[in-house]
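Step one of this worksheet: look at the structure below.
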Amino acid sequence: MRNNTMGSLIWLRLMRFTNQSNQLSNDFLKRFDLTTAQFDVLMQIRIYQPLTQSELAEKVTVTQGGISRMLARLEKENYIVRKQDWKTKTINLTAKAEAILDQAMPEQLAFQTSFFDDVLNEEEQKTLYELMTRVHKYSQKRELPPE
């Protein structure tokens with residue numbers, strides 16, 4: 001780690017936290033028979049429904065192929081319905097998915113919030129949020145350096 005910059009150390013720490021948080025969330029969400037990725041997909045559908053598969057793929061961290069397989073599973077488990085309207089196929093949640101999200105959402109939010117509430121005070125959380133927002137906004141505009 002001698003040659004790492006502070007920026008690379010922060011990036012590594014963020015990656016490790018994200019991986020650890022996702023692993024713990026996957027274990028936590030098993031009580032609802034969901035994975036973190038499925039929870040994310042269902043929440044995005046809930047917020048933006050009806051939406052197309054390509055619109056959904058832009059909003060989540062699942063590849064186009066992965067989203068196809070996941071949607072097939074979610075449809076088989078009666079969490080989503082896909083409706084064909086001429087050339088456009090849209091995705092909506094079922095009542096079963098709405099019910100599971102009503103139960104899982106507050107518990108998942110409380111679980112994720114505890115990562116910060118248990119170790120950071122309110123001012124520290126606000127500062128971290130502001131800094132991460134600034135870095136995230138910059139990353140959205142960032143272009144790759146020339147080869």
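Source: prediction; values computed, not measured.
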| Candidate pair Met132 and Leu14, rule side chain to side chain contact (heavy atoms under 4.5 Å, CB included), full reasoning | CA-CA 10 Å; Met132 290 309 304; Leu14 285 170; 3.8 Å; yes
| task | Could you check Leu12 against Asn4 for side chain to side chain contact (heavy atoms under 4.5 Å, CB included), going step by step and ending with a plain yes or no? | result | CA-CA 10 Å; Leu12 286 168; Asn4 285 12; 3.5 Å; yes
| field | Full working for side chain to side chain donor-acceptor pair (under 3.5 Å) between Thr35 and Asn26 | value | CA-CA 5 Å; Thr35 65; Asn26 274 327; 4.6 Å; no
Name every donor-acceptor pair, under 3.5 Å, that has one atom in a side chain of residues 71-80 and the other anywhere in the protein, sequence neighbours excluded.
from: Glu75; atom 1: OE1; to: Arg82; atom 2: NE; distance (Å): 3.2
from: Glu75; atom 1: OE1; to: Arg82; atom 2: NH2; distance (Å): 3.1

Distance-only donor-acceptor hits, side chain of residues 101-110, under 3.5 Å, sequence neighbours excluded:
from: Asp102; atom 1: OD1; to: Arg46; atom 2: NH2; distance (Å): 2.5
from: Gln108; atom 1: NE2; to: Ser25; atom 2: OG; distance (Å): 3.1

Which donor-acceptor pairs under 3.5 Å do the side chains of residues 133-147 make with protein atoms, sequence neighbours left out?
from: Thr133; atom 1: OG1; to: Tyr129; atom 2: O; distance (Å): 2.7
from: Tyr138; atom 1: OH; to: Arg142; atom 2: NH1; distance (Å): 3.4
from: Ser139; atom 1: OG; to: His136; atom 2: O; distance (Å): 2.7

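Residues Leu29 and Thr36 form a side-chain contact, since some pair of their non-hydrogen atoms from C-beta on lies under 4.5 Å apart. Contact of the Leu24 side chain with the Phe115 side chain is registered, since non-hydrogen atoms from C-beta on lie closer than 4.5 Å.
Between the side chains of Gln125 and Asp117, at least one donor-acceptor pair of N or O atoms lies under 3.5 Å.
Looking at Gln23, its side chain never comes within 3.5 Å of a backbone N or O of Gln20 through a donor-acceptor pair. Proximity of a side-chain donor or acceptor of Asn121 to a complementary backbone N or O of Glu124 within less than 3.5 Å is detected.
If you take OG1 on Thr127 and CD on Glu122, they are separated by 10.5 Å, rounding to the nearest 0.5 Å. Taking CD of Gln38 as the reference point, atom CZ of Phe32 lies at 13.5 Å (rounded to 0.5 Å). Glu98 CD to Asn92 CG: the interatomic distance, rounded to the nearest 0.5 Å, is 9.5 Å. How far CZ of Phe111 is from OG of Ser21: 7.0 Å, rounded to the nearest 0.5 Å. Taken to the nearest 0.5 Å, the CD atom of Glu55 stands 8.5 Å off from the OG1 atom of Thr88. Between the CD1 atom in Ile45 and the CD atom in Gln53 there is a gap of 10.0 Å [rounded to 0.5 Å].
Gln49 and Leu93 get closest at one heavy-atom pair: OE1-N, 2.7 Å. The two residues Val41 and Met70 have their closest heavy-atom pair at CG2-SD, 3.3 Å. For the residue pair Thr52 and Ile91, the shortest heavy atom distance occurs at C-CD1, 4.1 Å.
Crowding of Lys96 atom NZ: a count of heavy atoms from other residues, nucleotides or ligands under 6.0 Å exceeding 12.
The ring of Phe116 has its center closer than 6.0 angstrom to the ring center of Phe17.
Leu51 and Val81 are members of different hydrophobic clusters when ILVMFWY side chains are connected at heavy-atom separations under 4.5 Å. At a threshold of 4.5 Å between side-chain heavy atoms, the hydrophobic network of Ile, Leu, Val, Met, Phe, Trp and Tyr places Val119 and Leu131 in two separate groups.
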